[in-house]
Amino acid sequence: MCFGIVVSENKAEISGALLNGCVLTLEKYGAIEENIHVKTVPDAFELVYGANQMTLTGNYDAVILLGCIIRGETAQFDVQCQGIAQGIARLNSMKETPIIFGLLTTNTLEQAYERAGGKYGNRGSECAVEAIKMAKF
């Protein structure tokens, strides 16, 4: 199987941990390095665009999105989360390639670390398993 991964450059310490968990899990279940293609986007909102671009090639069995948004003092968090979720839901209903939603939306940086390899596991690793299952769907 061949997987595309789009990862946000923002919150690089979190996104990097998610990416590492994702790639290691894909390889653990038999994906070879040449069939795991990673592209970066500047921030989480651009994950929708990145996902769409990857689905256009038809080369991927699944596309995985990884990133992190941490709630701040303004409504930007809610607007971004809603926009990204709606964008990915729309792509998933229109495209032939499954898109896996691996965006952490947390209240604090500590919560993000806990979900990027901390006490709650690694969401990137979970997304890899989801991508394999959906690719076989």
Side-chain angles (χ1 to χ4, degrees):
M1 289 186 276
C2 191
F3 298 96
I5 302 172
V6 183
V7 61
S8 170
E9 294 172 337
N10 193 20
K11 309 283 186 295
E13 67 281 2
I14 300 299
S15 297
L18 295 171
L19 177 61
N20 186 53
C22 184
V23 170
L24 289 175
T25 301
L26 289 172
E27 290 174 343
K28 173 183 171 184
Y29 287 103
I32 57 174
E33 186 177 338
E34 303 85 63
N35 288 343
I36 302 171
H37 304 152
V38 178
K39 297 285 186 181
T40 60
V41 293
D43 206 345
F45 202 78
E46 289 77 30
L47 290 169
V48 177
Y49 176 83
N52 185 59
Q53 291 303 109
M54 281 199 148
T55 63
L56 294 177
T57 68
N59 295 336
Y60 300 106
D61 294 295
V63 173
I64 303 164
L65 306 180
L66 302 172
C68 177
I69 301 175
I70 298 172
R71 185 178 299 277
E73 296 179 6
T74 68
Q76 182 179 1
F77 175 88
D78 298 312
V79 171
Q80 279 192 323
C81 291
Q82 184 177 30
I84 296 165
Q86 287 178 348
I88 298 308
R90 183 167 185 225
L91 287 176
N92 261 322
S93 69
M94 295 173 45
K95 300 290 185 170
E96 298 293 321
T97 306
I99 301 166
I100 309 303
F101 190 85
L103 178 67
L104 295 179
T105 55
T106 63
N107 291 317
T108 66
L109 184 59
E110 180 183 336
Q111 288 175 340
Y113 278 116
E114 290 171 348
R115 288 157 180 80
K119 70 179 180 180
Y120 293 115
N122 188 309
R123 180 69 185 129
S125 180
E126 294 168 5
C127 288
V129 172
E130 293 169 12
I132 292 166
K133 289 179 179 182
M134 289 305 296
K136 293 179 179 181
F137 185 76

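Between atom OG1 of residue T74 and atom CD of residue Q76 there is a gap of 5.0 Å, rounded to the nearest 0.5 Å. Summarising the geometry, atom CG belonging to L19 is positioned 9.5 Å from atom CG belonging to N122; distances are rounded to the nearest 0.5 Å. Rounding to the nearest 0.5 angstrom, the gap separating the CD1 atom in I64 from the NE2 atom in H37 is 12.5 Å. Summarising the geometry, atom CD1 belonging to I84 is positioned 9.5 Å from atom CG belonging to L65; distances are rounded to the nearest 0.5 Å. Atoms CG and CE, from L91 and M54 in turn, are 13.5 Å apart once rounded to the nearest 0.5 Å.
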N/O donor to acceptor pairs below 3.5 angstrom from side-chain atoms of residues 38-47, sequence neighbours left out:
residue: T40; atom: OG1; partner: E9; partner atom: OE2; Å: 3.1
residue: D43; atom: OD1; partner: N10; partner atom: ND2; Å: 3.0
residue: E46; atom: OE1; partner: D43; partner atom: N; Å: 3.1

Between side-chain atoms of residues 21-29 and protein atoms elsewhere (two or more places apart, or another chain), which donor-acceptor pairs fall under 3.5 Å?
residue: T25; atom: OG1; partner: G21; partner atom: O; Å: 2.9
residue: T25; atom: OG1; partner: S125; partner atom: OG; Å: 2.6

Distance-only check: which donor-acceptor pairs under 3.5 Å involve side-chain atoms of residues 99-110, not counting sequence neighbours?
residue: T106; atom: OG1; partner: T108; partner atom: O; Å: 3.0
residue: N107; atom: OD1; partner: R71; partner atom: NE; Å: 2.9
residue: T108; atom: OG1; partner: Q111; partner atom: N; Å: 3.1

Cut-off 3.5 Å, no hydrogens considered: what does the side-chain donor-acceptor table look like for residues 127-137, sequence neighbours left out?
residue: E130; atom: OE1; partner: R123; partner atom: NH2; Å: 3.4
residue: E130; atom: OE2; partner: R123; partner atom: NH1; Å: 2.8

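The side-chain hydrogen bond (donor to acceptor under 3.5 Å, both in side chains) check on N52 picks up K95, with sequence neighbours excluded.
Of all the heavy atoms in G67 and S15, the pair that sits closest is CA-OG, 3.7 Å. Taking each heavy atom of A31 and I36 in turn, the nearest pair found is CB-CD1, 4.0 Å. Closest non-hydrogen pair, G124 versus L66, comes out as CA-CD2, 4.0 Å.
Cluster annotation: F77 is connected to I88 through the hydrophobic network of ILVMFWY side chains, with a link wherever side-chain heavy atoms come within less than 4.5 Å.
In this structure, T55 and Y60 have side chains that are not in contact, with every pair of non-hydrogen atoms separated by 4.5 Å or more. Contact of the V63 side chain with the V6 side chain is registered, since non-hydrogen atoms from C-beta on lie closer than 4.5 Å.
Between the side chain of D61 and the backbone N or O of F3 there is no donor-acceptor pair closer than 3.5 Å.
Alongside M94, the hydrophobic cluster contains no other residue (criterion: ILVMFWY side chains under 4.5 Å).
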